[in-house]
Amino acid sequence: MLWKTGLIFLCWGLTSGELQDSQSGTPATPARRTLDFGYVPSGVYDTVAYYEPGAIGVLFNMMHAFLYVVQPNPFPEDLVIRVAKDKFGAIQSEYQKVIYYEIGFVVCTALGLLFTVLLPLVGLLFCFCRCCDNCGGEMHQRQRKNTDCLRGLLTTLLLTTTFIITAGVLCAYAANQNLSSQLKSMRRLVKSNLKDLHTFANQTPAQIDYLISQYGTVEHHVLYDLDNVGLLLGGRIHEELGKDVQPALNAALSMTGTMRDTKDALENVSLTLETLQEGTVKLQANLSLVRGSLSNALNDPVCTDPRSSEICRNIRSTLPRLEIAANYSSLPDVTNQLDKVNEVLETDLGQIVEKGYTSFNDTPTLVTDQTRNIVEGVKVLLDDIGSNISTFTKLFPVHSSLTNFTKMISHTHSQIEDIYPQVDQMDFYRWICCITLCCMVVLILTFNFLGLLCGILGFDRHATPTTRGCVSNTGGNLLMAGVGFSFLFSWVLMGVITALFLVGGNLEKLVCEPFQTRQLFKVLDTPNLVNSAWRNFIPGYLYNDPEMDLTAYSLYSNCKDNRGIYSALHLDKIFNISAFLNTSVYSKYVSRKFEGMKVDLRGIILLESEGKQNLISFTKTGINEIDFAAYLEEVNKGVTRINLVDFASQLDAQADQLFKGTLQTSLKGHANTIRQIHIQQVIPLEQSMSILNQSIRLLERTSSDLPVRVIDLLAAVDAAQFLISHNATFVVNQETEKYKQTIIGYFKQYIDWIRTSLALEVATCKPLSNIVDTAEILGCSFLLDSMNTFWFGLGCSTLFLLPSIILSVKLAKFYRRMDTEDVYDE
């Protein structure tokens, strides 16, 4: 019961860390950030529960093959369960199935017993028979033609038989030595397993302390989020509201640019219109002077010449086109509209919009100021959680429980060390007994080998049976001595071998092989097997809850996978977190803290009334009353009706066709004058017309949708303002819930990490499965395989003693000196 009590206290210690930490949160939506809790410190287990027999494994495989031949039937799982449940009473009712399964062992055992009983009797009768000069006892040998061939055959057969017996003895001797040599490995494995248990007990408190210490990671992240509530929560509120607010403010800011562009365009129109009106008047005057001067020049007598008259007429016909095309004096000015726009711009709408931006961007500051009390309350709650964890840890005597467990391991180790001398002594006796059995066969082998050696070396082909030499006669006597010892020892050997075969073979088939195939666990996990009222015996013994789904195979498999003892023993069913400490209590407290959060954003003014009135006034500046068609019509006409540069070029070309003289010189002078007019007057006027064209088109575009744009802008601003002042509660609550779930998510990550660590990393129970595997190695691989291989080799030798007896008796007749022989008369 000591181990059971120690295990229960150990389980309490292991779960204490999880129980206390689980109060800190409740399952929630995934946290915004993934916490890094580092790696749980883990111990290193030294035991390698694996055995490789080496060269002797060949003998083990031969033995296993023989057992398979003897017993090829599968493991009788159902039969074993019924027999175990009925306390072996089912053997009487199920004896036919038992005999069917054990038929191989029954036959071999019967033959072994028959050999054991009959061989001494046969030996005794054989002795009596020889004493009566029968059964080869008569010292007379008949001479036959095939005597030499028969002697050679008998020698070969006996030699082969002797070698087979020798191989069997060597096999038994190797198995005997292997068993003794494995005692050192047994001690190493036992020591290694106990050391791993010490590591298990010593490392567990440090692992639990590490789990508890990682609450600091949660606390650090929660405090960071609380200290930055304005940036995190306020930023989220600002971002969510900004989806409606930002477009409205951006549109208002864009409207200030439209106002400035409109003013610039009106100023350009006013200035360029004045410039064009003055410029066209001067241009018209200069063109009139040029036209009159050209007309006078064409009155030259040269134009009366038939060859020049045509040129003069052509020039005269183009003179009416030498005048301005557009009349800007009739266009209305935009002074009134410009004055109204200037009045609108006296109010700085851009500054008003910037105030709206600033007011809205102060949302994180507002959140920080208005949630200060709630944040402080959560911080106090955070400190209380840490204090509760520390207090709860002290309620369970983890260190004292593990100290008792360590003492129990040390006590067990000392007890095991105390029995080692007894084990060595028992192994020595066993070794002596096995060597004695081997020596019995070795003695017989000695007589056989010596008899064959002396018989072969001392045999004289020319000697008659009565004149055979001493060496040959000695060989025959040694062979007969071997026969005598065979009768004396073989029945003893067979009796021991039969007993070892019956026990060892069944243990191999009913225990070792089912363990390797995991069928033995199925038997152990059979409901109501150990106790008729228990479904599963392990939880029945440990927790008095036999209905718990905890089986021997699941425990062994989980420990084999090096999982934590918490999950392997299903301690969550016994030490339920929710049952001991309500894990949702902390999340409820946090939720209650945030339920009282009120963020008032009504102080945010996006656009003051002055700014709205300014926008309305902008629509009433009258830019839509400008006669854009008249302006564009005049602009599109161009400065002059004809291109002055082309006209001057044509005039030069026509002057070149005239005779040199006063008229030609005058025409060329007028052409240069026209070019100067184009450069000095037309080009500046064209530039002014381009500016006027751009400005008029800009004003036309602006005026076309200005009222609609302003109406939509004011509607968007009002909607955004209404959202902030009246409907922001939904956004605030929504983002507050997300922020709260982020805080709670840190606790959830901590709890999930603790559960995962307890299941996979804390107090990993590999030493428990190693103990089971070590027991299998010691019992099956070390002890049973060696003992089974011992009887397998010795049994092979014993069986071949029978042909050895027969061959030795027949062959001795050819080596011993006879008293009489056959005599043939010539």
Side-chain angles (χ1 to χ4, degrees), residues 1-19 40-49 186-211 393-423 524 530 536-545 548 550 552 554-556 558-560 562-571 573-575 758 761-779:
M1 293 299 293
L2 181 60
W3 66 272
K4 183 176 176 180
T5 305
L7 181 59
I8 293 297
F9 277 110
L10 175 62
C11 296
W12 280 348
L14 290 174
T15 53
S16 64
E18 179 177 356
L19 294 177
V40 178
S42 59
V44 178
Y45 298 132
D46 296 334
T47 301
V48 179
M186 178 191 73
R187 296 186 181 187
R188 177 183 57 79
L189 279 174
V190 171
K191 183 178 180 180
S192 176
N193 276 276
L194 293 175
K195 182 181 178 182
D196 287 347
L197 289 177
H198 274 287
T199 302
F200 170 84
N202 294 333
Q203 189 66 32
T204 299
Q207 293 174 331
I208 295 176
D209 292 341
Y210 182 82
L211 295 185
T393 306
K394 298 176 182 178
L395 297 178
F396 293 92
V398 180
H399 293 279
S400 60
S401 300
L402 291 174
T403 300
N404 294 334
F405 184 68
T406 304
K407 290 180 179 179
M408 182 184 68
I409 297 172
S410 301
H411 178 68
T412 303
H413 191 188
S414 62
Q415 288 181 330
I416 293 175
E417 291 289 341
D418 291 339
I419 66 173
Y420 277 149
Q422 301 176 18
V423 172
L524 293 176
V530 178
N536 294 311
F537 72 95
I538 293 181
Y541 277 122
L542 292 179
Y543 315 124
N544 198 26
D545 184 10
M548 182 186 294
L550 175 59
S554 66
L555 176 60
Y556 173 80
N558 287 327
C559 290
K560 190 77 173 176
N562 204 27
R563 296 174 65 89
I565 197 172
Y566 183 83
S567 62
L569 286 176
H570 292 195
L571 295 178
K573 303 295 184 181
I574 304 301
F575 303 100
L758 285 173
E761 300 179 73
V762 176
T764 51
C765 60
K766 184 71 171 180
L768 300 183
S769 66
N770 282 343
I771 290 175
V772 177
D773 291 338
T774 299
E776 187 270 338
I777 291 173
L778 296 179

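Because the structure is a prediction, the values reported are computed rather than measured.
- Residue D209 holds its CG atom at 10.5 Å from OG1 of T204, rounded to the nearest 0.5 Å.
- The heavy-atom pair separating C765 from A568 by the smallest distance is SG-CB, 3.7 Å.
- Taking CD from Q203 and OH from Y210, the interatomic distance works out to 12.5 Å, rounded to the nearest 0.5 Å.
- The nearest pair of heavy atoms linking Q207 to S42 is NE2-CA, 3.7 Å.
- Taking 4.5 Å as the limit, every side-chain heavy atom of V44 sits out of range of all side-chain heavy atoms of T199.
- Rounded to the nearest 0.5 Å, atoms OG1 (T406) and NE2 (H413) are 14.0 Å apart.
- Looking only at side-chain heavy atoms (C-beta outward), Y556 and L524 stay at 4.5 Å or farther from each other.
- Annotation for K191: atom NZ does not count as buried by contact number, only 12 or fewer foreign heavy atoms lying within 6.0 Å.
- Here the side chain of T47 pairs a donor or acceptor atom with the backbone of S192 at under 3.5 angstrom.
- The shortest non-hydrogen separation linking H570 to S567 is CD2-O, 3.0 Å.
- With rounding to the nearest 0.5 Å, the separation of CG in D773 from NZ in K560 is 3.5 Å.
- Applying the side chain to side chain contact (heavy atoms under 4.5 Å, CB included) test to R188 and every residue at least two apart in sequence or in another chain returns S185.
- Here the side chains of F200 and I409 are not in contact, with every heavy-atom distance at 4.5 Å or above.
- Within the structure, no pair that satisfies the salt bridge (Lys or Arg N to Asp or Glu O under 4.0 Å) test touches residues 763-772, not counting sequence neighbours.
- In this structure, CD1 in I771 is found 11.5 Å from CG in L189, a value given to the nearest 0.5 Å.
- The two atoms that bring Y420 and M186 nearest to each other are CE2-CE, 4.0 Å, heavy atoms only.
- The structure places CG of L194 at 9.5 Å from OG1 of T774, a figure rounded to the nearest 0.5 Å.
- Here the side chain of Y45 pairs no donor or acceptor atom with the backbone of N770 at under 3.5 angstrom.
- The salt bridge (Lys or Arg N to Asp or Glu O under 4.0 Å) check on K195 picks up D46, with sequence neighbours excluded.
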